[in-house]
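Taking it in order: structure first as structure tokens, then the write-up.
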Amino acid sequence: MTQPVIVGTDGSRAATAAVEWAAGDAARKGLPLRIVHAVDRLPYEIARYPIPVEDQLDRAGRRILEEAEQTVRETHPVVRVTTALIEGDPSRVLRQEAGNAAQIVVGSRGHGGFAGMLLGSVSMHVAGQVDVPVVVVRPGVSAPNGLIVVGVDGSDEAGTALTYAFEEARLRDCRLLALYAWQLPVHAFAPEIAYDVDEVRKAQEEYVADVLRAHRDRYPGVRAEMRAVCAHPVAALVEAGDKADLLVVGSRGRGAVGAAVLGSVSRAVLHHAHCAVAVVRPPRG
């Protein structure tokens, strides 16, 4: 059975953008789309509402799913769409859904069924903790720029992210920028130590070129550019992402605690980038 692209929605503006993004990606990849709404009753149970909250939450959730499904059928009629109303904490629901998913897509902020899925919660509780790519979508994205940016640093995590980015660029028929941000060591500024900045820059550019070579052979149709810049990785990636349709970063993918799973660069990029961000984890083992 083909694994679907799974998108979480609560009917918010960000969630609607996530549904649209997920539908487009599912159409390009020829995958089914599963739209999920989490019904989290805990806040209402604690408040002891004297009204039949259960029926209201269910009705609201079904309406949200119906509207999302209708949007997809109108914009991407070839995509096979299913919906699911699932009880539970939104982050836990998405992690469980990831076991049968090709990809998880969420909005950057939400309300209602995904009230807890603010950007920080996505970073801590979903991205990096599941075995599939997690894409966080911002609302109000401008027209396509025809560019995907991916951060590389020589790690296995970055290699997996690079493969994902090349595949997305192939499917979208757009350009790819592989960005390697490096910083001079502290001792480089000591007056008594000779440090050839041009030589270091040349070495970094050669390194990035080597990283790209194998992927260029696998994806000859992708117009890929490599760039090594002397800058903080977060600042360089966020700036490059301003002109991108998608920014791809790797995840350390180890441990059980969110802060230990999602690297500092990935977490900061999720917080500050203005385009959609894909966090890609390397395969286990």
Side-chain angles (χ1 to χ4, degrees), residues 122-124 127-136 147-170 175-189 195-219 222-255 257-285:
V122 172
S123 304
M124 296 294 288
Q129 291 202 26
V130 298
D131 291 335
V132 298
V134 176
V135 182
V136 180
L147 174 67
I148 290 177
V149 175
V150 56
V152 297
D153 63 3
S155 65
D156 291 340
E157 294 84 358
T160 305
L162 187 60
T163 299
Y164 176 91
F166 262 91
E167 184 64 19
E168 285 287 332
R170 182 187 69 83
R175 296 176 294 116
L176 183 143
L177 170 62
L179 189 64
Y180 178 41
W182 58 280
Q183 294 178 285
L184 291 172
V186 175
H187 67 256
F189 299 96
Y195 205 91
D196 191 331
V197 175
D198 290 335
E199 183 177 336
V200 174
R201 180 181 294 109
K202 181 179 178 181
Q204 305 302 337
E205 290 175 349
E206 290 176 349
Y207 161 75
V208 177
D210 288 340
V211 170
L212 277 184
R213 190 168 293 114
H215 284 79
R216 278 190 171 129
D217 292 341
R218 290 174 56 192
Y219 296 92
V222 175
R223 296 158 291 168
E225 172 192 358
M226 70 85 183
R227 187 181 305 166
V229 296
C230 183
H232 190 281
V234 174
L237 288 169
V238 170
E239 181 180 359
D242 285 343
K243 300 177 182 178
D245 301 323
L246 178 66
L247 178 56
V248 184
V249 293
S251 164
R252 286 205 300 268
R254 304 186 184 95
V257 181
V261 174
L262 195 62
S264 59
V265 171
S266 303
R267 188 167 59 248
V269 167
L270 275 172
H271 278 287
H272 298 292
H274 296 111
C275 64
V277 178
V279 179
V280 184
R281 170 178 171 156
R284 291 181 185 270

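- Legend: residues meeting side-chain contact (heavy atoms from CB on, under 4.5 Å) with Arg218, ordered by chain and number and at least two apart, are Thr163, His215.
- The nearest pair of heavy atoms linking Val222 to Ala169 is CG1-CB, 3.8 Å.
- Applying the side-chain contact (heavy atoms from CB on, under 4.5 Å) criterion to Ala236, with sequence neighbours excluded, gives Leu179, Ala181, Val229, Ala231.
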Next on the checklist: As a quick check of understanding, evaluate side chain to side chain contact (heavy atoms under 4.5 Å, CB included) for Leu212 and Leu162, giving each step before the final call.
Outcome noted: CA-CA 9 Å; Leu212 277 184; Leu162 187 60; 4.1 Å; yes
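- Smallest separation of non-hydrogen atoms from Ala278 and Val135: CB-CG2, 4.0 Å.
- Shown here for Ala161 and Val280, the closest heavy-atom pair between the two residues is CA-CB, 4.1 Å.
- The only option from Ile148, Leu176, Leu147 that meets the side chain to side chain contact (heavy atoms under 4.5 Å, CB included) definition with Leu246 turns out to be Ile148.
- The main-chain N or O of Ala224 is found under 3.5 Å from a side-chain atom of Arg216 such that the two form a donor-acceptor pair.
- A distance of 10.5 Å separates NE2 in His272 from CZ in Arg267, rounded to the nearest 0.5 Å.
- Closest non-hydrogen pair, Val150 versus Ala165, comes out as CB-CB, 3.7 Å.
- Applying the 6.0 Å contact sphere to CD of Glu167 captures more than 12 heavy atoms from other residues, nucleotides or ligands.
- Between Ala240 and Leu177, the closest heavy-atom pair is CB-CD2, 4.4 Å.
- Among Asp131, Val134, Val130, the one residue that satisfies the side chain to side chain contact (heavy atoms under 4.5 Å, CB included) test with Arg281 is Asp131.
- Heavy atoms only, all atoms of each residue included: Tyr180 and Val152 are closest at CD1-O, 3.0 Å.
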